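Comments concern the structure below.
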Amino acid sequence: MKVITAIKDMHAEILKQKGLGKTIGFVPTMGFLHEGHLTLLKQARKENDIVVLSIFVNPLQFGPNEDFSTYPRDFERDLALAEAEKVDYVFYPSVEEMYPHKPSVKAVVQERTDVLCGESRPGHFDGVATVLTKLFNIMTPTRAYFGKKDAQQVAVIHGLIADFNFPIELIAVDIVREADGLAKSSRNVNLLPVERQQAAVLYRSLQKAKTAIDLGERNPESLINMIKEMISSESTGQIDYVETLSYPQLKPLEKLESTIIIALAVNFSKVRLIDNFIIQID
Ligand code: AMP
């Protein structure tokens, strides 16, 4: 496994591998790896000749009052985990390497950003689309792997790949959870112990909503209220949003039909957690 910090070196390695006819599987992350990331790496390993992991906490996608400075980092541990997954290259650039000057051009996401995290994190998806445009150009991957935990991100990246004609196959991977159902996240370590216990209610509330749908509930408001009440009564978290939308279009729904997402975000004292499920309704 090679660790590369310079863009030109990374690009040269990729060109070499592509010259040999190798397929490239790319897994972009912000590091502090957990089983969610490892699942993406495992799938990339199965489906490609070469696996590239990037670790970059992208300042462009954090708002001024968000957790860029407290975002957990442990590069040595990440390297050991990457090695165990038989990653070929770890791309670990500095902020200066990725943004040597204030970007003169950036990507602006114009659809699907007026809802969910786009609404409460203005500019977040522009930052994601900008860094991915750079990373896609550096890696020219055959396939890129993303988790459905960030379902809005997956929808936005579909748009980025289609609209900018990146010849990349997007692979969306199921959410990996802790034993109590909490979606794995690098941010979970910044929950207070009592909040960590409470946080499982996010998943339980989504499960309850799923059961209600299975039993015939089709009213978005009833489901949203059920989820909100459950989270408020069983945790100290402050609800940022609970929404039901069409997926992947992310349009509001009057009635639950065809493919929908139920997504939520909850602020705890130092961490904002997200979770969702996507369901096909007949
Ligand atoms: P991050 O490092 O948080 O930017 O995540 C990097 C990638 O891992 C993104 O595509 C995430 O959606 C994905 N990911 C993060 N957590 C999970 C999880 N619990 N299950 C599946 N994928 C995940």
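Each ligand, and each atom within it, is numbered from 1 in the order the structure gives. Index from 1, following the sequence. Remember, predicted model here, so these are calculated numbers, not experimental data.
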Between Asp126 and Arg121, is there a side-chain N and carboxylate O pair less than 4.0 Å apart?
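Salt bridge between Asp126 and Arg121, a charged N being under 4.0 Å from a carboxylate O: no.
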Whether Asp78 side chain and Phe32 backbone form a donor-acceptor pair below 3.5 Å:
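Side chain of Asp78 to backbone of Phe32: a pair is present.
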State whether the side chain of Gln280 and the backbone N or O of Asp282 hold a donor-acceptor pair below 3.5 Å, judged by distance alone.
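It does not hold such a pair.
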For residues 158-183, pull every pair meeting side chain to side chain donor-acceptor pair (under 3.5 Å), keeping only residues two or more places apart or in separate chains.
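Counting only pairs at least two positions apart or across chains, the side chain to side chain donor-acceptor pair (under 3.5 Å) contacts touching residues 158-183 are Arg143-Glu169, Lys148-Asp174, Arg177-Asp275, Glu178-Lys184, Asp180-Arg196.
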Any side chain to side chain donor-acceptor pair (under 3.5 Å) pairs touching residues 100-110, not counting sequence neighbours?
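Passing the test, one end in residues 100-110: no pairs.
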Ligand 1: protein residues within heavy-atom distance under 4.0 Å:
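Heavy-atom contacts below 4.0 Å: Pro28, Thr29, Met30, His34, Gly36, His37, Leu40, Tyr71, Phe146, Gly147, Lys149, Asp150, Gln153, Asp174, Ile175, Val176, Lys184.
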Please list, chain by chain and in numerical order, all residues satisfying ring-ring contact (aromatic ring centres under 6.0 Å, His included) with His34, sequence neighbours excluded.
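Listed in chain order: His37.
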